[in-house]
Each structure stands twice: as C-alpha cells, then as structure tokens.
Amino acid sequence: MQEIDILGKDVSSLQTKIAVLEKEIEHMKQQLESRDVWLRGIGIAVIAAVLVWFGQNALDSHSAQKANSVGVSASKAK
C-alpha cells in the first residue's frame, strides 16, 4: 500500500512539473510572437525610410537638373 502512495505522489509531482513546463513553453511562444511583431515593424520602418530617402534623392536630382538647364538656357540667350 505504501508503494501505491509513493507512486501517486510521484505521478502528482510529475503532473505539476508538466503543467509548469507547459506554462513556460506558452510564455516563450508569446515572447517569440512579440519579437516577430517587433522585427516586422522595424523592417517595415527601415524599408519605408529607404524608399523615402531614394525618393528624396530622386527629387533633389531632378530639381538640380532643372535648375542647371534653366541656367544654361539663360546664359545661351545672352
């Protein structure tokens, strides 16, 4: 009878440990999901910044070309 009590306590102890491990695994999954959301957000922000930078450079380059062509035309007219 004593062996059954010991086995019952061991099983109960294992069930408790399994429950704790399941909670820890769930917590880790939530942390990974949160990290993935942050990484996606940072990636989108970086891509947006690069696109804005390229767009700004293209506009500046286009504006500089227009300014130079107007200056050349004015000097040719003289």
Side-chain angles (χ1 to χ4, degrees):
M1 193 66 139
Q2 188 178 10
E3 290 178 11
I4 293 175
D5 288 340
I6 292 172
L7 286 175
K9 288 179 184 178
D10 287 345
V11 169
S12 177
S13 175
L14 286 173
Q15 288 174 335
T16 302
K17 289 178 182 178
I18 289 171
V20 169
L21 286 173
E22 286 174 341
K23 285 183 182 181
E24 287 181 13
I25 289 170
E26 186 63 34
H27 181 70
M28 286 180 191
K29 284 181 182 178
Q30 290 172 350
Q31 286 179 331
L32 285 174
E33 289 172 1
S34 176
R35 186 195 65 163
D36 289 345
V37 168
W38 273 100
L39 289 176
R40 275 190 236 125
I42 291 169
I44 289 170
V46 168
I47 290 169
V50 168
L51 290 175
V52 167
W53 181 76
F54 275 123
Q56 186 65 41
N57 282 342
L59 288 175
D60 290 345
S61 174
H62 183 68
S63 296
Q65 286 177 352
K66 276 189 168 183
N68 287 340
S69 66
V70 170
V72 170
S73 298
S75 65
K76 284 183 180 179
K78 288 182 181 181

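Since we're looking at a predicted model, the values are computed, not measured. Values below: every heavy atom of this structure, side chains too, minus hydrogens, waters and symmetry copies.
Glu26 pairs by the side chain to side chain contact (heavy atoms under 4.5 Å, CB included) definition with Lys29, Gln30, not counting sequence neighbours. Every residue was checked against the side chain to side chain donor-acceptor pair (under 3.5 Å) condition with Asp10, not counting sequence neighbours, and none meets it. Gln31 is linked by a side chain to side chain donor-acceptor pair (under 3.5 Å) to His27, counting only residues two or more places apart in sequence or in another chain.
Rounding to the nearest 0.5 Å gives a distance of 11.0 Å between OG1 of Thr16 and CG of Leu21.
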Listing, residues 50-60 side-chain donor-acceptor contacts under 3.5 Å, not counting sequence neighbours, or none:
from: Gln56; atom 1: NE2; to: Asp60; atom 2: OD1; distance (Å): 3.1

